[in-house]
Amino acid sequence: MNGGNRDLALWPIAASAGAHNTDHLVWAFTLVTLMLTVPIFVGFTIFSVIYRDGRPAHREYKEKKGRSEAIELSWMLIPFALTLAFFAWGARMFDIHRHPPANAITISAIGRQWMWKFQHPGGQAEINDLHVPTGQPVRITMISQDVIHALYLPALRIQMETLPGRYTELWFNADKPGTYRLYCSEYCGTDHSKMQGLLYVMKPGDYQAWLAHQGASQTLTAKGRQLFAANGCAGCHENGSTVRAPSLHGLFGQPVPMEAGGTVIADESYLRDKILDPDKNRIAGYKQLMPSFKGVLAEEDVVALVAYLRALGPKEEGASAEDAPDRSTATGDSTP
Amino acid sequence: MSPDGTATPPRQNLPATLRDPRPGRTTLGRPDDYLHAEHTLRSWLWTIDHKRIGILYLLSITFFFVFGAIAAGLIRLSLVVPDGQIFTNDTYNKLFTLHGVIMVWFFLIPSIPTTFGNFLLPIMIGAKEVAFPRLNRTSWYIFMAGALFTMADLVIGGVDTGWTFYAPFSTTFSNTYVLPALAGVIVVGFSSILTGLNFVVTVHTMRAPGMTWFRMPIFVWTMYAVSLIFLLATPVLTITLMLLVMERAFHIGVFDPALGGDPVLFEHMFWFYSHPAVYIMVLPGMGVISEIVPAFAQKKLFGYRFVAYASLGLASVTFLVWGHHMFVNGESETAAVAFSVLSFAVAVPSAVKVYNWTATIYKGSIKLDTPMLYAMAYIGLFVIGGLTGLFLATLSIDEHVHDTYFVVAHFHYIMVGGTALAFLGGLHYWWPKFTGRMYPEAWGRVSAFLGFIGFNATFFPQFLLGYMGMPRRYHNYPPEFQLLNVASSMGSLLLALGYLFPMIYLVWSLRYGKRASANPWLAKGLEWTTSSPPPAHNFDEQPVVDFEPYDYRDREARV
Amino acid sequence: MSASAIPAGPVQIGVEIEEQFHTEKQQRHAAKLGMWIWLATELLLFAGLFLVALIIRVQHPDAVTPAARHLKFAIGATNTAVLILSSLSMSGAIEMSRMGWQRGTVRCMQVTAALGTIFLLLKGFEYYKDFDEHMMPFLAWRPYELAHLPASALFVDDYYVATGLHGLHLTTGVAIVLVMAWQVGRPGYLARHQNRIEVLGLYWHFIDLIWMIVFPVLYLLNR
């Protein structure tokens, strides 16, 4: 992560002016709440020493009429009034967060068990990781394909739930280049805690270069490989993944044992069925977790994917290492 | 009456006795006390005595607590390593669901009302019984049926939805045994309703002569407020969970957009119950502390009427703030702002109580015995929990820390630091009354310290984790969070000892503890005027109340 | 016991004081208050369903109106009348029990139970007609008449949940009324438990009241 050893850090890096503002609000509020509560702790400590049972002390008190009411009202209303200032501060920032500026670029996000897919205006797509430029308002519109997720960007002090069947959005203006975390923060099932990635905040020039690099034209297999990565297939089907999904290396043309008994040859139509309707031909020995990609993948995407899987077939075992999507280097960055 | 037929000598000067109960009057082993009236198992399981039912609840919720606590220990164990190697993700998800469901529904919500409430509420208002004793027994059976059913489901089958059962995950996507868990929780809800009904009617109709509303102890006020929440909020939960069942079992679309429903509707309906449920857990704790603090300061509770009104105030405002759980789900800006300011307003009645407890001990004669130590620990933790709640109610802070460990730490400070410590404090305070025995004081103090320190060691690091951005319910977390997670797990060991010790020495005291007098703390309140343990019908004679609550004026003569 | 053996009365009435109470007034007060509170929570339970119906109505008027037209207005109206009559006979039972007219009380309660049963039979017939008209969207194996209006299914589902829950309450009510009618016929019951009839009366009136809300909210408002 961003410079130095973060293992011992107790405060997150703030990567935008808004994030700094939230930090200031938190510090100021902490100060005021300490002002309100330290008297309680001090009072309790002092009183339990001075007025300890058996210790001689002046214990007489008179109840003056109206005095206790005045005290009650003052410690109800004064703290309330003080804290209301922070309500107003927070509400004003919230209001800003709800209204993205007109010049914001829009990145669309799709949440799905258990991956994020981001698509940049130029059509560049990425999975779990997100690249954004500094000095430019970025608006992220999001939708979920299944359950409720939430996109959480702690370095920007911001998050928003990603709902099925309804768009939600958030926006930010990052100003500090670096690599940060992004998470799904709304519990969404088995691999909820793996639905995370990295947020790359880049200088505008670097961002343009990255976009240009992403946009290179591709062969069918290369496109399929990209789709394989872009749709999160790699997250489960690559070796070393903790989700127990069948490896697809050398699968093509081989018999596959079925849960209902018997075997099926893994040909093109079988692969297409497994992508679009994974519930149909359940494989023996695996829990059916794979989400359906029906309506997610356009027909040409499916063709490209199947072409890629065919290329992973038994004959080209050696090539698969290079063909494997380079997630490993991406996560390598995350280790500080 | 004693069995040899001689009548217990009637006390002539009853009002005076009530005002100044004599310490040292040991009555344990008297054949007509409620513990020794009958000994058969049937006399316990089929009892209609509110005190025995309170004890049954005490045993039941302790049983559930142990399960929930073991799950919590396993969760902390698993989070020692960042990459989740100890359990599979599914196991971890089932563990935190088990922990949440059991702790919230089968421990925290019933904890103080069903145990202390059942045992003490009738005694505190000078009644022989609750208004509907058979209904009370029925509530316990309903509770046990629902809770055991759900727990069997959680332990044997496993459910991975979290205690919040958010749709559409719970209705369409989860592959676990959600339906039995929902059924059990619905059933337990009816038990809550019946208990609340019983308490409200009891308070309205069963008060002793002279026991006016403003002579009732604060504990009774909080029980009354909690009962109102039970009655008004639980039906909404029942219907919400029924709709979940309908959607999951029959695909009647209510919440899942794929079936034409609306997932945000579930969040609304769920939190409309579950936010008031927070006050079901918090208010009784406040009631307990409001009994302990005056007793151990030997001074009248400061601002009795304000505290009583604050209880009712909390019970009503709590119905207006559910939307603060949903600031980041696309809720309209107007709604978010309104819910935010109302949530700030809830802090007012809560703060009143904390300041009042502080003012109560001013110029008191303070004894730092175990219940008082628990009460002070409670106040410290509750203040931190309450104020971090204000942070969460602040819109732009919530946008950052929503659904992170900051929230986890916050509600554990309120529920564990608050409710569970108040429960332990109350348990020590009334243990002599329940059992007629004293517990070993030194062990009590050690446990109170361990609980307080262990609790802070466990949950304070989680505030930092949350602010640094660690989402809740994460089995795999980035390596930079490991240090604080390990610290939290170490703290939980201390906390576990803080729970384990009382279980051991309280059970030990049942047999070996010193016999308790009727009023070992020189406390006020009708429960201390009857013997320890009380006779089957609570009082030898119908008490007549002609004194104010927390009337510690005689203490001033001793200055 | 044959009905003719029940004395016409008036017999002595009263309430046997349970152990936890001190006076009859206290016991009557507690019993009535308890039932009122229980009914209030029941009302909240139903209120959720009514609210859902109204929200769907506001959000999808185009889908709800055709669905509501499938509800059998005539049966609903008849049932409303039946329940009003049953409330009347229940009130009669309470009045007669107060005067100690044992046989009259039993007869009135039997009439009440009979009217409740008529309601349930009519309701069952209405469900059958709904089934016949393919108005059961939750049956996966049976086509749904208004499948082109997805929101209508929500309304129809809500209708089944609300009326089903009401039917469950009414069935329970009929059972309790029949049992209590048999008990009232036994000698000495009115002398010991007269207030139970009053409490049961509260419950019965409440079930009627729920229907008085169900009928306009589901049948009338959306036509």
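- Annotation: the span from B/Ser340 atom OG to A/Leu84 atom CG amounts to 9.0 Å, rounded to 0.5 Å.
- Remark: side-chain polar atoms of A/Tyr187 are paired, donor with acceptor, to backbone N or O of B/Asp160 under 3.5 angstrom.
- At most 12 heavy atoms of other shown residues, nucleotides or ligands fall within 6.0 angstrom of atom CZ in B/Phe460.
- A side-chain N or O of A/Tyr152 and one of B/His400 form a donor-acceptor pair less than 3.5 Å apart.
- Defined by atom type and a distance below 3.5 Å, a donor-acceptor pair is missing between the side-chain atoms of A/Tyr183 and B/Asp403.
- The minimum heavy-atom distance between A/Thr83 and B/Phe344, with the atom names listed, is O-CE2, 3.3 Å.
- Without hydrogens or angle criteria, B/Ser365 side chain to A/Asp53 main chain gives no donor-acceptor distance under 3.5 Å.
- B/Ser396 and A/Phe94 make their closest contact through CB-N, 4.2 Å (heavy atoms, listed as atom of the first residue, atom of the second, distance).
- Residue with the most contacts toward chain B among A/Asp146, A/Thr22, A/Thr37: A/Asp146 (heavy-atom pairs, distance under 4.5 Å).
- Here B/Ile361 is the residue among B/Ile361, B/Leu464, B/Ile384, B/Ile397 with the most heavy-atom pairs under 4.5 Å with chain A.
- Side-chain atoms of B/Asn89 and A/Thr190 form no donor-acceptor pair, as typed in the model, at a separation below 3.5 Å.
- In this structure, a donor-acceptor pair under 3.5 Å is present between the side chains of B/Asn356 and A/Glu72.
- Here A/Trp27 and B/Phe391 keep their ring centres 6.0 angstrom or further from each other.
- Looking at A/Leu36, both its backbone and its side chain come within 4.5 Å of chain B, counting heavy atoms on both sides.
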